[in-house]
K.L.:
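Take this structure, written in structure tokens, and hold onto it; I'll ask about it next.
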Amino acid sequence: MLGILQNRAYKRAIAARLDGSAPGVEVPAGGKSQQIFSRALFAMMGRLAKIDGLVTREEVAYTSSVMRKIGLKPRQQQEAIDYFELGKDMHTDVLHFVEELVPGVGRRSVLSQLFLQTLFRLVFAKGGMRLKEKLLLREVSELFGFSPAEFRDMCASFGGEQANKFNFGHHGSGASLLSNAYRVLQLEPNADDGEIRRAYLRLMSRYHPDKLVRENLSEEDMKRAQERSSDIRDAYEALCGYRKIRA
């Protein structure tokens with residue numbers, strides 16, 4: 001029973017870190033659940049990064065930011081790197097790792113959706129989704145119980161400018177995108193690192209949908225709040241990546 005309770009606490013903490021509602025929450029030991037989650041996530045990231053034959057600096061940087069975001073300790077980070085390398089090997093059955101994960105996180109659960117969103121962000125880290133990436137993500141989505149229509153909505157939500165506006169690679173106008181990230185967080189470019197984190201936490205406490213449930217907002221208002229919280233989270237992660245500070 002204690003192991004089950006610890007696993008629940010682990011999954012709640014990981015979800016809170018991934019959705020940005022509690023980025024500093026302590027992550028308890030997750031035991032076997034932690035191993036299965038980490039292996040599935042980082043092996044999938046390795047496969048998606050390598051599927052076009054070239055792993056870019058942006059993909060590596062984003063993967064590293066995810067390791068920090070979910071609070072991996074040095075030994076766990078090395079394990080995640082090993083899983084990433086395992087996923088890059090095209091002989092590895094990465095979907096089997098996802099299949100092992102599904103019973104633990106649940107089909108159509110919040111954590112399964114956050115898992116998918118993390119993979120989508122990796123795909124768009126270097127500019128857009130290719131056919132091979134889309135087909136693989138569709139299989140992952142199906143394993144988690146999401147319908148084809150829901151998968152298409154996910155693709156649309158991460159497509160175009162929304163998905164790329166915080167990409168600071170060599171393609172596109174990095175200066176204007178950086179300026180936009182500061183604007184979203186209501187900061188000046190000379191803000192120090194502490195101000196960036198405080199602004200993020202302040203805005204997330206105001207706009208995160210979980211904080212607005214009791215206000216009986218309309219469906220449209222809740223959707224706008226979700227979009228705003230997503231913008232805030234993306235801006236924060238982008239500035240953390242740009243300044244090389246821990247998210």
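Side-chain atoms are counted along with the backbone in the values below, which use heavy atoms only and exclude waters and symmetry mates.
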K.L.:
Are V55 and L86 co-members of a hydrophobic cluster defined by side-chain heavy atoms under 4.5 Å apart?
P.N.:
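Unlinked, L86 and V55 end up in two clusters.
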K.L.:
Checking side-chain contact (heavy atoms from CB on, under 4.5 Å) for the pair K50/M90: CA distance, chi angles, key distance, verdict?
P.N.:
CA-CA 9 Å; K50 183 65 174 178; M90 294 301 166; 3.7 Å; yes
K.L.:
If you look at every heavy atom in L72 and A80, which pair is closest and at what distance?
P.N.:
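Residues L72 and A80, closest heavy atoms: CD1-CB, 3.7 Å.
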K.L.:
Just how far is it from atom CG of L131 to atom CG of L136, taken to the nearest 0.5 Å?
P.N.:
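Going from the CG atom of L131 to the CG atom of L136 covers 11.0 Å.
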K.L.:
Would you say L137 and M129 make side-chain contact, with heavy atoms under 4.5 Å?
P.N.:
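Side chain of L137 against side chain of M129, heavy atoms only: contact under 4.5 Å found.
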K.L.:
Counting only N and O atoms by type, is there a donor-acceptor contact under 3.5 Å from the side chain of E195 to the main-chain atoms of D192?
P.N.:
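Indeed, once roles are kept as given, a pair shorter than 3.5 Å links the two residues.
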K.L.:
Output the distance between atom CZ (R121) and atom CG (L48), rounded to the nearest 0.5 Å.
P.N.:
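Those atoms lie 14.5 Å apart.
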K.L.:
Got a second to check how far E100's CD is from K32's NZ, nearest 0.5 Å?
P.N.:
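Nearest 0.5 Å value for the CD-NZ distance: 7.5 Å.
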K.L.:
Does some side-chain heavy atom of L101 sit less than 4.5 Å from a side-chain heavy atom of F144?
P.N.:
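Result yes, sub-4.5 Å side-chain heavy-atom pair found.
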K.L.:
So for atom CZ, which belongs to R138, do other residues, nucleotides or ligands contribute more than 12 heavy atoms lying within a distance under 6.0 Å?
P.N.:
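No, the 6.0 Å shell around CZ holds no more than 12 heavy atoms from other groups.
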K.L.:
Do R233 and Y200 get their side chains close enough for a donor-acceptor pair, meaning under 3.5 Å?
P.N.:
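Checked: R233/Y200 side chains show no N/O donor-acceptor pair below 3.5 Å.
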K.L.:
For Y182 and P189, which heavy atoms make the closest approach, and how far apart are they?
P.N.:
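So the minimum-distance heavy-atom pair works out to OH-O, 3.6 Å.
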K.L.:
Once you round to the nearest 0.5 Å, how far does CG of L239 lie from CG of L185?
P.N.:
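The distance works out to 5.5 Å.
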K.L.:
So do Q113 and F146 actually touch side chain to side chain, heavy atoms under 4.5 Å?
P.N.:
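Yes, close enough: below the 4.5 Å cut-off.
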K.L.:
Should S65 and R68 count as side-chain neighbours, where that means a heavy-atom distance under 4.5 Å?
P.N.:
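Side-chain contact under 4.5 Å: yes.
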K.L.:
Any donor and acceptor pair, going by atom type alone, linking the side chain of K11 with main-chain N or O of G104 inside 3.5 Å?
P.N.:
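Yes, because the side chain of K11 sits within donor-acceptor range (under 3.5 Å) of the backbone of G104.
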K.L.:
Would a single hydrophobic cluster contain both Y83 and I81, if residues Ile, Leu, Val, Met, Phe, Trp and Tyr are joined by side-chain heavy-atom contacts under 4.5 Å?
P.N.:
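Result: yes, single cluster for both.
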K.L.:
For S229 and M204, what are the C-alpha separation, side-chain angles and deciding distance, and is it a side-chain contact (heavy atoms from CB on, under 4.5 Å)?
P.N.:
CA-CA 6 Å; S229 65; M204 286 299 286; 4.1 Å; yes
K.L.:
Assigning hydrophobic clusters by single linkage (Ile, Leu, Val, Met, Phe, Trp, Tyr; side-chain heavy-atom cutoff under 4.5 Å), is L119 placed with F97?
P.N.:
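Not linked; separate clusters.
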K.L.:
Whether the side chain of S64 engages the backbone of V60 through a donor-acceptor N/O pair (distance < 3.5 Å, no angle test) should be reported.
P.N.:
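Side chain of S64 to backbone of V60, a donor-acceptor pair under 3.5 Å: yes, one is there.
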K.L.:
Would L114 and I14 satisfy side-chain contact (heavy atoms from CB on, under 4.5 Å), going step by step from the backbone distance to the final call?
P.N.:
CA-CA 10 Å; L114 290 168; I14 290 297; over 6 Å; no
K.L.:
Evaluate F42 against E79 for side-chain contact (heavy atoms from CB on, under 4.5 Å), listing each step before the verdict.
P.N.:
CA-CA 9 Å; F42 292 105; E79 290 176 350; over 6 Å; no
K.L.:
Considering all heavy atoms of both residues, which atom of A43 and which atom of V94 are nearest to each other, and what is their separation?
P.N.:
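For A43 versus V94, the nearest heavy atoms are O-CG1, 3.8 Å.
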K.L.:
Could you check whether any side-chain N or O of R47 sits under 3.5 Å from a backbone N or O of D89, counting only pairs where one atom can act as donor and the other as acceptor?
P.N.:
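Yes.
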K.L.:
Aromatic rings F120 and F151: how do their planes relate, parallel, tilted or perpendicular, breaks at 30° and 60°?
P.N.:
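Aromatic pair F120/F151 classed tilted.
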K.L.:
Search all heavy atoms of S141 against all heavy atoms of M154 and return the closest pair with its distance.
P.N.:
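In this case the closest contact between S141 and M154 is OG-CE, 4.5 Å.
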K.L.:
Just wondering, do V184 and L203 contact through their side chains at under 4.5 Å, heavy atoms?
P.N.:
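No - every pair of side-chain heavy atoms lies 4.5 Å or more apart.
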K.L.:
How about Q78 and D82: do any of their side-chain heavy atoms sit closer than 4.5 Å?
P.N.:
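With C-beta onward as the side chain, the pair touches.
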K.L.:
Please report the interatomic distance SG(C155) to CD(E133), rounded to the nearest 0.5 Å.
P.N.:
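That separation rounds to 11.0 Å.
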K.L.:
So if you build clusters from Ile, Leu, Val, Met, Phe, Trp, Tyr with side-chain heavy-atom gaps below 4.5 Å, do L41 and F124 land together?
P.N.:
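Linked, L41 and F124 end up in one cluster.
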K.L.:
Looking only at heavy atoms, what is the nearest atom pair of G46 and K88, with distance?
P.N.:
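Of all heavy-atom pairs spanning G46 and K88, the closest is O-CG, 3.4 Å.
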K.L.:
Whether the side chain of S112 engages the backbone of V105 through a donor-acceptor N/O pair (distance < 3.5 Å, no angle test) should be reported.
P.N.:
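No; judged by distance alone, with no hydrogens or angles, the pair does not exist.
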K.L.:
Do Y10 and V25 share a hydrophobic cluster (ILVMFWY, side-chain heavy atoms under 4.5 Å, transitive)?
P.N.:
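No, it is not one cluster - the side chains of Y10 and V25 are not joined through contacts under 4.5 Å.
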K.L.:
Less than 4.5 Å apart, any side-chain heavy atom of V27 and any of I70?
P.N.:
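A side-chain contact under 4.5 Å is absent here.
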K.L.:
With a 4.5 Å cut-off on side-chain heavy atoms, are Y62 and M45 touching?
P.N.:
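When only atoms from C-beta onward are counted, Y62 and M45 do touch, with a gap below 4.5 Å.
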K.L.:
Give me the atom names and distance for the closest heavy-atom approach of Q34 to P28.
P.N.:
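Looking at all heavy atoms of both residues, the shortest contact is OE1-O, 4.4 Å.
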K.L.:
Nearest 0.5 Å, please: how far is CZ in R107 from CD in E142?
P.N.:
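So the gap between those two atoms works out to 10.0 Å.
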